[in-house]
Amino acid sequence: MGTTASQLPKEMLSEYQELTFLTKQEILLAHKRFMELLAKEDRSSRSTRVPMDKILTMPELKSNPFRKRICNVFSTSELKDGSLTFEDFLDLLSAFSDSATLEIKSHYAFRIFDFDDDGTLDSGDLENLVNCLTGETDDTRLTPEEMRQLISNILEESDIDKDGTVNLSEFQHVISRSPDFVSSFKIVL
């Protein structure tokens, strides 16, 4: 009684297993962690959302420079507030699991890096990406000239059709040549 297994019906567990790259144990652990993020009075409702600020307290996301983008990409909230339902949370963990395919991982990485959600990585997205990776302090921030040169180099290497942006297939082509991408694009509870 009161165990995670009793709170998550067997048929839901089986369905989640079929729809994700997660094992039964990973789903049960995810459910336990999700419930811990909810206020006690919200734990009985299935459609309850955990606010983004609570999700960001998780040690697995706390130091990720893309933590807010990750929440926004996986959130199905009509308010676009980055809050997650349990199913959103499972989708996030599934995409970042060791079992997810390169295609799935690269698709979500692209969406996370597409800061303006327009379906391409343009110079603004690339600048945001670099700033997230280098930090936005005066000590780590690139000069405007360094940033311009870096973005130019990225586009030269990645923009196959030379339209000034990187689309999903161009991004996936670049990622396919990066052997450490799959192993580094993960979150383990």
Side-chain angles (χ1 to χ4, degrees), residues 21 49-85 87-188:
F21 294 103
R49 297 183 157 281
V50 173
M52 179 166 50
D53 63 328
K54 282 271 206 199
I55 299 286
L56 298 181
T57 64
M58 294 178 60
E60 298 83 359
L61 280 176
K62 211 175 206 169
S63 61
N64 188 311
F66 301 101
R67 59 192 170 275
K68 288 183 179 176
R69 277 297 299 159
I70 290 168
C71 286
N72 284 317
V73 164
F74 286 93
S75 175
T76 56
S77 170
E78 291 179 10
L79 300 174
K80 305 264 187 245
D81 60 3
S83 63
L84 302 179
T85 64
E87 291 182 356
D88 295 340
F89 188 62
L90 282 183
D91 286 343
L92 184 161
L93 294 174
S94 181
F96 280 92
S97 77
D98 282 332
S99 304
T101 64
L102 173 63
E103 186 177 354
I104 295 288
K105 287 179 178 284
S106 61
H107 168 80
Y108 280 105
F110 181 84
R111 288 192 54 207
I112 291 164
F113 300 157
D114 181 14
F115 287 86
D116 59 10
D117 296 316
D118 69 352
T120 64
L121 304 183
D122 58 21
S123 56
D125 294 317
L126 295 173
E127 185 170 337
N128 282 329
L129 171 61
V130 171
N131 284 335
C132 279
L133 291 172
T134 61
E136 296 192 50
T137 66
D138 289 338
D139 294 342
T140 60
R141 188 187 324 255
L142 299 181
T143 67
E145 179 55 30
E146 291 169 328
M147 183 66 79
R148 191 195 62 67
Q149 185 60 53
L150 180 58
I151 290 171
S152 174
N153 292 349
I154 292 169
L155 289 172
E156 180 66 34
E157 189 72 26
S158 311
D159 182 16
I160 297 167
D161 64 10
K162 303 299 179 207
D163 67 350
T165 66
V166 178
N167 63 36
L168 177 59
S169 65
E170 291 168 333
F171 180 78
Q172 287 176 323
H173 177 73
V174 170
I175 292 301
S176 71
R177 297 181 296 166
S178 175
D180 59 340
F181 172 74
V182 171
S183 61
S184 62
F185 193 81
K186 70 179 180 181
I187 294 174
V188 180

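Bear in mind the structure is a predicted one, so any value in this text is a computation, not a measurement.
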Trainee: Looking just at side-chain N and O atoms, do Asn167 and Thr165 make a donor-acceptor pair shorter than 3.5 Å?
Mentor: no
Trainee: Does Thr120 form a side chain to side chain contact (heavy atoms under 4.5 Å, CB included) with Asp163? I'd like the steps, not just the answer.
Mentor: CA-CA 10 Å; Thr120 64; Asp163 67 350; 5.8 Å; no
Trainee: Say you draw a straight line from CG of Leu61 to CD1 of Ile187; how long is it, rounded to the nearest 0.5 Å?
Mentor: 4.5 Å
Trainee: Using salt bridge (Lys or Arg N to Asp or Glu O under 4.0 Å) as the criterion, list what pairs up with Asp138, not counting sequence neighbours.
Mentor: Arg141
Trainee: Which residue is it: Thr134, Thr140, Asp139? I am looking for the one with a side chain to side chain donor-acceptor pair (under 3.5 Å) to Thr137.
Mentor: Thr140
Trainee: Between Phe113 and Asp125, is any pair of side-chain heavy atoms under 4.5 Å apart?
Mentor: no
Trainee: Using atom types as modelled and distance alone, determine if a side-chain donor or acceptor of Asp88 lies under 3.5 Å from a backbone N or O of Ser75.
Mentor: no
Trainee: Evaluate the side chain to side chain contact (heavy atoms under 4.5 Å, CB included) criterion for residues Gln172 and Glu103: first the C-alpha distance (whole Å), next the side-chain angles of each, then the deciding distance (0.1 Å), finally the verdict.
Mentor: CA-CA 7 Å; Gln172 287 176 323; Glu103 186 177 354; 4.0 Å; yes
Trainee: For Asp98, enumerate each residue passing the salt bridge (Lys or Arg N to Asp or Glu O under 4.0 Å) test, keeping only those at least two apart in sequence or located in another chain.
Mentor: Lys186
Trainee: Okay, side chain of Ser178, backbone of Ile175: is any donor-acceptor separation there less than 3.5 Å?
Mentor: no
Trainee: Is the closest side-chain donor-acceptor distance between Asp81 and Ser83 under 3.5 Å?
Mentor: yes
Trainee: Does the Lys68 side chain pair with the main chain of Asp53, one donor and one acceptor, at a distance under 3.5 Å?
Mentor: no
Trainee: Please round to the nearest 0.5 Å and tell me the distance separating atom CG of Leu126 and atom CZ of Phe115.
Mentor: 9.5 Å
Trainee: Step by step, work out the side chain to side chain contact (heavy atoms under 4.5 Å, CB included) result for Asp161 and Asp159.
Mentor: CA-CA 6 Å; Asp161 64 10; Asp159 182 16; 2.9 Å; yes
Trainee: Nearest 0.5 Å please: distance from the OG1 atom of Thr57 over to the NZ atom of Lys62.
Mentor: 6.5 Å
Trainee: Check this for me: Glu146, atom CD, are more than 12 non-hydrogen atoms of other residues, nucleotides or ligands nearer than 6.0 Å?
Mentor: yes
Trainee: Taking all heavy atoms of Ser94 and all of Phe21, pick out the closest pair and write down the distance.
Mentor: OG-N, 2.9 Å
Trainee: Work out which heavy atom in Cys132 is nearest to a heavy atom in Pro65; give both atom names and the distance.
Mentor: O-CB, 3.2 Å
Trainee: Residues in side-chain hydrogen bond (donor to acceptor under 3.5 Å, both in side chains) with Glu145, at least two apart?
Mentor: Arg148
Trainee: Which atoms form the tightest heavy-atom contact between Glu60 and Val188, and what is the distance?
Mentor: CG-O, 3.4 Å
Trainee: Met58 versus Phe89: any side-chain heavy-atom pair under 4.5 Å?
Mentor: yes
Trainee: Please report the interatomic distance CD1(Ile112) to CZ(Phe66), rounded to the nearest 0.5 Å.
Mentor: 8.5 Å
Trainee: Do other residues, nucleotides or ligands put more than 12 heavy atoms under 6.0 Å from Gln149 CD?
Mentor: yes
Trainee: If you apply the rule side chain to side chain contact (heavy atoms under 4.5 Å, CB included), what do you find for Ile151 with Glu127, and how did you get there?
Mentor: CA-CA 7 Å; Ile151 290 171; Glu127 185 170 337; 3.9 Å; yes
Trainee: Measure from the side-chain N and O atoms of Asn72 to the backbone N and O of Arg69, and report whether any donor-acceptor pair falls under 3.5 Å.
Mentor: no
Trainee: Side chains of Glu157 and Val174, heavy atoms from C-beta outward: is any pair under 4.5 Å?
Mentor: no
Trainee: Is the Phe96 to Tyr108 ring centre distance short of 6.0 Å?
Mentor: no
Trainee: Hey, could you give me the OG/CG distance between Ser63 and Leu56, rounded to the nearest 0.5 Å?
Mentor: 11.5 Å
Trainee: Specify the closest pair of heavy atoms between Phe171 and Ser106, including all atoms of both residues, with the distance to one decimal.
Mentor: CE2-O, 3.3 Å
Trainee: Without swapping roles, check the side chain of Ser158 against the backbone of Leu155 for a donor-acceptor pair under 3.5 Å.
Mentor: no
Trainee: Counting only heavy atoms not in Lys162, do more than 12 sit closer than 6.0 Å to its NZ atom?
Mentor: yes
Trainee: Do you know which two heavy atoms are closest between Arg49 and Ser77, and how far apart they sit?
Mentor: NH2-N, 3.2 Å
Trainee: Mind listing the closest non-hydrogen atom pair of Val166 and Glu170 along with its distance?
Mentor: CA-OE1, 3.2 Å
